[in-house]
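Some notes on the structure that comes next.
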Amino acid sequence: MNEYTYTIPNDSEGQPRTDAILRSDGAWVPTNPANSDYQAYLATLPSNSSTPQAGA
Amino acid sequence: MSRAQLTSTVEQSSGGVVAPFLAGKNKIINGDCAINQRNITSTGVTYGFGYTLDQWQHYWTSGTATISAQPFTAGTAPVAGYEAKQFYRAALTGIGTTTNDSFALQFNVEGVRTLANQTATVSFWCKTASGTPNIGVSINQNFGSGGSSGTFTGKTVTLSGGTSWTRYSVTFAIPSISGQTIGTSDMLTVYFVLQAGAARNAIFGTSASNSANTFDLWGVQLEAGSVATPFTTASNTLQGELALCQRYFCKSYDLSVVPGTATYINSWAMDYGTASTSKLSLHCTFPVVMRTAPTVLTYDEAGTSGVVSRNGNGKTGAANAIGSSGCTLYSSDTTSSTWLSVQWTATAEL
């Protein structure tokens with residue numbers, strides 16, 4: 001299985017984006033619970049965390 | 001008696017759907033291997049997890065697997081009167097020799113409600129390079145994220161036809177979903193366990209062999225009833241089948257062009273007229289409404305992923321406002337530019 005890392009970039013106003021995260025292959029993954037790539041991202045987080053972590 | 005009444009009567013008498021061409025009978029999309037948006041070739045690919053032909057997903061962890069699309073020579077497709085273009089090939093070595101390993105080809109059917117509490121039949125054509133090995137066919141009701149635990153119901157099929165194209169079928173009693181909790185991205189999955197070790201066979205409920213072999217498959221069908229009726233695709237049209245596939249994966253490129261190819265053909269582009277160092281953006285509409293908001297990967301006109309073209313290649317780019325029907329593509333690069341051009345893929349697989 002592919003091993004990706006993830007980043008939460010800032011938007012044009014310098015705030016962390018909440019709508020999508022950037023995967024290490026350059027793909028933009030929407031923070032939508034039905035997206036299986038986002039589910040894969042959530043699975044990489046600590047079990048007590050349910051929100052994206054900046055710079056993960 | 002109307003045709004509809006006649007059809008219904010025959011269905012009741014035969015225990016299956018009237019042959020052969022009825023859209024919606026087959027729950028498997030792209031069972032005839034015709035749609036190949038990722039453009040795998042006869043040379044094949046070797047990655048351990050992912051999709052090859054549209055909807056044909058595989059997973060394996062050790063040993064060697066080469067998965068390819070092999071063309072049928074005209075007149076040699078296994079079904080008389082159905083001249084298919086190509087079939088799926090998995091050449092496997094050393095898989096399943098350890099107890100926890102397997103090669104599973106799987107088809108994810110959206111919605112665990114599919115065929116729940118019904119008798120259903122999986123049918124497929126298969127041939128091997130040698131011998132008459134056992135493979136497994138297993139059905140999993142996956143209740144999705146936050147849903148009830150799923151279970152596997154597996155059966156073992158001996159490929160008695162060996163090196164000749166032979167049709168096989170397996171009938172299942174798919175459990176009721178009464179009392180179950182359905183979460184997000186629920187599905188009914190059909191697994192073909194082509195090779196497996198003991199532990200993985202135990203999970204799938206199968207007894208697949210593990211000797212090196214090459215498996216050719218085509219004509220996968222999942223339908224209601226206890227009878228394998230003549231094969232047809234899910235939509236029974238080429239354009240319909242493509243649209244069904246695009247619900248889960250689509251791309252800006254022509255169908256025959258591999259994502260990441262250097263080309264500007266079909267690129268989504270905008271000419272802004274006046275040079276600007278500001279953010280440039282354009283809206284992209286997907287060819288069909290996708291299953292959910294997809295993962296979007298951009299390419300520039302040179303075929304490099306993760307970037308876009310903006311008066312030149314390799315410029316910083318991104319997607320935002322991603323929804324099931326489209327997204328915004330933009331470049332925040334500060335190169336003084338008059339135009340923006342973006343190729344892309346969008347993935348909303350289960």
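Chain naming here is simple, since letters A, B, ... match the order of the sequence lines and numbering starts at 1 in each. Computed over heavy atoms, backbone and side chain alike; hydrogens, waters and symmetry mates excluded.
Using a 4.5 Å cut-off between heavy atoms, Tyr248(B) makes no contact with chain A at all. Proximity to chain A (any heavy atom under 4.5 Å) is shown, for Ala348(B), by neither the backbone nor the side chain. For chain A, the nearby part of Thr292(B) is the side chain; its heavy atoms alone come within less than 4.5 Å. Proximity to chain A is absent for every atom of Ser332(B), based on heavy atoms less than 4.5 angstrom apart. Both the backbone and the side chain of Asn35(A) come within contact range of chain B, judged by heavy atoms closer than 4.5 Å.
Considering CG of Leu42(A) and OG of Ser145(B), their distance stands at 8.0 Å, rounded to 0.5 Å. Atoms CH2 and CG, from Trp28(A) and Leu297(B) in turn, are 11.5 Å apart once rounded to the nearest 0.5 Å.
Closest of all the heavy-atom pairs between Ser185(B) and Ala34(A) is OG-O, 3.1 Å. In terms of heavy atoms, Pro30(A) sits closest to Pro294(B) at CD-O, 3.2 Å. A pairwise comparison of heavy atoms in Thr295(B) and Val29(A) identifies CG2-CG2, 3.8 Å as the closest pair. The two residues Ala318(B) and Arg17(A) make their nearest non-hydrogen contact at CB-NH1, 4.2 Å.
By the neighbour-count criterion of 12 heavy atoms within 6.0 Å, atom OH of Tyr272(B) is densely surrounded, having more than that number from other residues, nucleotides or ligands.
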